[in-house]
Amino acid sequence: MRAGAAARGQQPRAHAKERASSACCRRAMSGARRLGLVLVIFLAAVAAAPAAVVGAAESTRKAHNYEDALQKSLLYFEAQRSGRLPHSQRVAWRHHSGLTDGLEQGVDLVGGYYDAGDHVKFGLPMAFTVTMLSWSLIEYGDDVAAAGELGHALESIKWGTDYFIKAHTSPDELWAEVGDGDTDHYCWQRPEDMTTSRQAYKVDREHPGSDVAGETAAAMAAASMVFRKSNPHYASLLLHHALQLFEFADKYRGKYDSSIAEVKSYYASVSGYKDELLWAALWLHRATGRPEYLDYVVDNADEFGGTGWAITEFSWDVKYAGVQILAARLLLRGEHSAHHRSTLEQYKAKAEHYVCACLGRNMAGGADANVERSPGGMLYIRQWNNMQYVTSAAFLLSAYADYLSEAGVASVACAGGEAVASDEVFALARAQVDYVLGTNPRGVSYLVGYGAKYPNRVHHRAASIVPYKHSKEFIGCTQGFDHWFGRRSSNPNVLVGAIVGGPDRRDRFRDNRDNYMQTEACTYNTAPMVGMFAKLNRMARQEREQQQESSSTPVAVTTTSTAAADV
């Protein structure tokens with residue numbers, strides 16, 4: 001089943017093997033097609049009693065091991081590596097793959113990440129993954145380091161940025177895809193056995209791709225901040241590429257799926273490229289401090305929709321909510337000139353619309369002004385890989401709550417005039433993370449490998465077939481379907497740290513390999529959780545220390561006189 005057809009609600013008519021192997025993650029964007037129809041969109045229904053749901057989650061919260069979750073989340077990125085694997089590789093059931101990528105085009109494109117359970121390297125979601133990993137470290141790097149995982153986190157980012165450096169072969173040229181989705185989805189093979197096309201596709205002056213170039217610029221700029229202390233030379237190199245990529249994206253404007261037709265069925269740029277241009281400019285401003293990038297964000301605020309779109313999702317395709325929250329941060333911190341203020345206030349209003357939509361507290365704007373909530377409290381956007389919206393929302397809510405706290409602001413203003421305490425914003429973020437980890441009606445952890453109960457039949461070629469190091473016998477294109485895909489048993493390899501697509505709007509989940517809408521995992525599902533797990537691990541440690549201090553403090557027993565008692 002092709003992505004677009006499935007996501008638009010059409011009935012599946014494709015060959016069974018193609019339907020079984022379809023990857024879920026990139027298709028989840030389809031609901032955002034309404035972006036071009038109206039000035040303001042809201043993509044889900046009003047949640048019933050959202051504050052009560054959060055309150056219930058707070059009162060019944062299960063104690064989770066966030067440090068274990070953090071460690072496992074970083075392992076997942078090693079399972080998704082393409083290229084020649086290093087000696088330090090910890091996911092031992094993976095081996096070298098894609099070693100001839102770019103050879104036919106005369107360019108070295110070995111490396112990078114497979115985005116999901118298949119073997120195409122898609123530049124747009126890969127770059128978004130790296131941006132979110134970098135943002136996690138920018139906000140919560142000290143917490144990651146305190147958990148002993150900073151080295152692994154830096155490696156996860158560098159595996160992506162090393163590839164982007166290779167893919168950016170000239171100032172106005174970026175290789176945006178390796179592999180062909182259509183042929184890839186007819187096969188069920190380990191990446192080590194790939195026989196499908198490794199055709200590479202690029203954007204350039206004649207074939208622009210402002211969205212993929214802009215997102216890659218954002219990733220490189222954010223990553224440059226991460227490596228500034230530990231590897232300043234590398235940080236400078238990343239920033240150099242980011243500056244060039246942004247200039248290319250802005251000067252030669254166009255959607256990359258108009259230049260690369262092969263990507264349309266998988267990662268079509270439904271929101272267009274204007275959100276990525278604003279997103280990249282904000283990251284370059286944060287990385288360089290140069291005022292011209294903030295001028296760009298302010299000057300193009302209206303034309304590019306930054307202050308016009310009121311959004312209820314944040315994803316690899318739709319960046320507006322992230323743009324608005326980054327812009328609001330500048331306002332809250334006072335990092336702007338006087339002439340920027342009024343526009344940044346408009347950005348902040350839209351940022352708070354997103355926050356309040358997640359909280360279900362927008363009293364104006366109609367039925368679509370808030371995000372739907374499942375009975376168990378999960379934010380629900382759409383059925384295909386809904387967890388990507390849950391994890392990205394949790395990160396944005398947490399980051400915004402931190403920005404408010406740092407600025408001494410106690411509440412957010414929701415549409416309709418209601419003020420919501422900033423503590424409630426973070427409470428929802430934590431509740432979403434805990435839902436992912438198993439605090440949900442099914443008691444299932446949707447982080448593979450974490451807890452006692454998690455998905456065992458993840459829709460993932462490499463995980464579902466015997467490891468290459470155990471059996472180097474070649475597995476053919478259809479042989480994988482015949483011998484491995486249809487097995488009812490658990491996958492032979494546990495895809496530790498992957499966050500699968502997750503349950504439906506009623507908290508229902510079916511752990512079947514052919515249920516790719518729910519059981520396939522994507523890199524950008526897990527990336528925002530690296531920062532969240534690190535932050536929550538620190539908070540849990542502080543809570544334990546406070547409890548220990550309270551229990552060890554002797555209680556003074558005093559006799560109160562009648563007179564004193566009367567007073």
Side-chain angles (χ1 to χ4, degrees), residues 107-109 111-112 123-124 126-135 137-138 154 157-176 202-256 259 269 273-301 303-304 306 319 322-323 326-327 329-330 335-337 340:
V107 59
D108 178 7
L109 296 176
L124 182 57
M126 192 193 307
F128 180 67
T129 295
V130 172
T131 305
M132 294 309 296
L133 283 170
S134 299
W135 198 0
L137 287 195
I138 289 168
L154 292 174
I157 295 171
K158 194 170 186 293
W159 195 266
T161 52
D162 282 351
Y163 174 77
F164 296 145
I165 290 171
K166 290 182 176 183
H168 186 212
T169 42
S170 71
D172 299 334
E173 181 177 87
L174 175 68
W175 293 87
K202 68 178 179 178
V203 293
D204 54 27
R205 296 182 183 183
E206 289 74 34
H207 311 90
S210 300
D211 26 35
V212 68
E215 183 60 60
T216 309
M220 301 287 243
S224 74
M225 297 175 65
V226 171
F227 287 102
R228 192 170 290 163
K229 290 183 179 179
S230 63
N231 194 340
H233 174 74
Y234 188 66
S236 296
L237 178 62
L238 294 177
L239 188 57
H240 172 72
H241 281 278
L243 294 168
Q244 286 190 342
L245 281 164
F246 177 74
E247 184 177 354
F248 165 48
D250 188 42
K251 187 175 181 179
Y252 302 96
R253 294 181 184 178
K255 291 174 56 178
Y256 89 123
S259 298
S269 182
Y273 58 79
K274 293 177 180 179
D275 50 339
E276 276 85 11
L277 290 177
L278 295 171
W279 177 245
L282 278 166
W283 278 113
L284 281 166
H285 177 261
R286 192 164 179 179
T288 66
R290 297 180 187 174
E292 59 263 33
Y293 291 111
L294 182 53
D295 290 340
Y296 183 95
V297 172
V298 169
D299 294 344
N300 291 288
E303 181 185 351
F304 285 8
K319 312 289 165 46
V323 166
L326 283 179
R329 173 185 173 273
L330 295 174
E335 296 177 357
H336 58 84
S337 301
H340 294 142

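- With a 4.5 Å cut-off on side-chain heavy atoms, Leu326 and Trp135 count as touching.
- The closest side-chain heavy-atom distance from Asp295 to His340 is below 4.5 Å.
- Put simply, the side chain of Leu330 reaches to within 4.5 Å of the side chain of His285, judged on heavy atoms.
- Between Asp108 atom CG and Tyr163 atom OH the span is 9.5 Å, to the nearest 0.5 Å.
- Annotation: the span from Leu238 atom CG to Leu243 atom CG amounts to 11.0 Å, rounded to 0.5 Å.
- Residues meeting the side-chain hydrogen bond (donor to acceptor under 3.5 Å, both in side chains) test with Ser259, sequence neighbours left out: none.
- A tilted orientation is assigned to the rings of Tyr252 and Phe248, their planes being inclined by 30° to 60°.
- With sequence neighbours left out, Arg205 forms a salt bridge (charged side-chain N to carboxylate O under 4.0 Å, His left out) with Asp172.
- In plain terms, the two heavy atoms of Ala221 and Ala287 that are nearest each other are O-CB, 3.7 Å.
- Sorted pairs that involve residues 225-248 and meet salt bridge (Lys or Arg N to Asp or Glu O under 4.0 Å), not counting sequence neighbours, are lacking altogether.
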Query raised in the report: Step by step, would you call Tyr296 with Leu277 a side-chain contact (heavy atoms from CB on, under 4.5 Å)?
Result: CA-CA 9 Å; Tyr296 183 95; Leu277 290 177; 3.6 Å; yes
**Report entry** Stepwise side-chain contact (heavy atoms from CB on, under 4.5 Å) check, Ile157 with Phe227
**Finding:** CA-CA 10 Å; Ile157 295 171; Phe227 287 102; 3.8 Å; yes
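- A distance of 9.5 Å separates CG of Leu237 from CG of Asn231, quoted to the nearest 0.5 Å.
- Remark: Glu276 pairs with Lys319 by the side-chain hydrogen bond (donor to acceptor under 3.5 Å, both in side chains) rule, at least two apart or across chains.
- The aromatic rings of Phe128 and Trp279 sit tilted, their planes meeting at an angle between 30° and 60°.
- In this structure the side chain of Tyr273 never reaches within 4.5 angstrom of the side chain of Val212, judged on heavy atoms.
- Between the side chain of Ser210 and the backbone N or O of Lys255, no donor-acceptor pair lies under 3.5 Å.
- Of all heavy-atom pairs between Ala219 and Ala127, the closest is CB-O, 3.5 Å.
- Residues Arg290 and Leu284 form no side-chain contact, since every pair of their non-hydrogen atoms from C-beta on lies 4.5 Å or further apart.
- Residues Leu133 and Val226 fail the side-chain proximity criterion, which asks for heavy atoms closer than 4.5 Å.
- Evaluation of the side-chain hydrogen bond (donor to acceptor under 3.5 Å, both in side chains) rule for Thr161 yields Tyr234 as partners, not counting sequence neighbours.
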Requested in this report: Could you go through the side-chain contact (heavy atoms from CB on, under 4.5 Å) check for Arg286 and Ile138 one step at a time?
Outcome: CA-CA 11 Å; Arg286 192 164 179 179; Ile138 289 168; 3.4 Å; yes
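- His336 NE2: more than 12 foreign heavy atoms inside a 6.0 Å radius.
- The distance from atom CZ of Phe304 to atom CG of Asp275, rounded to the nearest 0.5 Å, is 10.5 Å.
- Gly214 and Ala249 get closest at one heavy-atom pair: N-CB, 3.8 Å.
- Side-chain atoms of Met220 and His240, non-hydrogen and from C-beta on, never get closer than 4.5 Å to each other.
- For His241, the side-chain hydrogen bond (donor to acceptor under 3.5 Å, both in side chains) partners two or more places apart in sequence, or in a different chain, are His168.
- One finds the CE atom of Met132 at 11.5 Å from the CG atom of Leu137 (value rounded to the nearest 0.5 Å).
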Requested in this report: Would you sort out whether Glu335 and Arg329 count as a side-chain contact (heavy atoms from CB on, under 4.5 Å), showing the intermediate values?
Outcome: CA-CA 8 Å; Glu335 296 177 357; Arg329 173 185 173 273; 3.8 Å; yes
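- A pairwise comparison of heavy atoms in Ala213 and Leu174 identifies CA-CD2, 3.8 Å as the closest pair.
- With Asn300 contributing its side chain and Glu303 its backbone, the two residues share no donor-acceptor pair below 3.5 Å.
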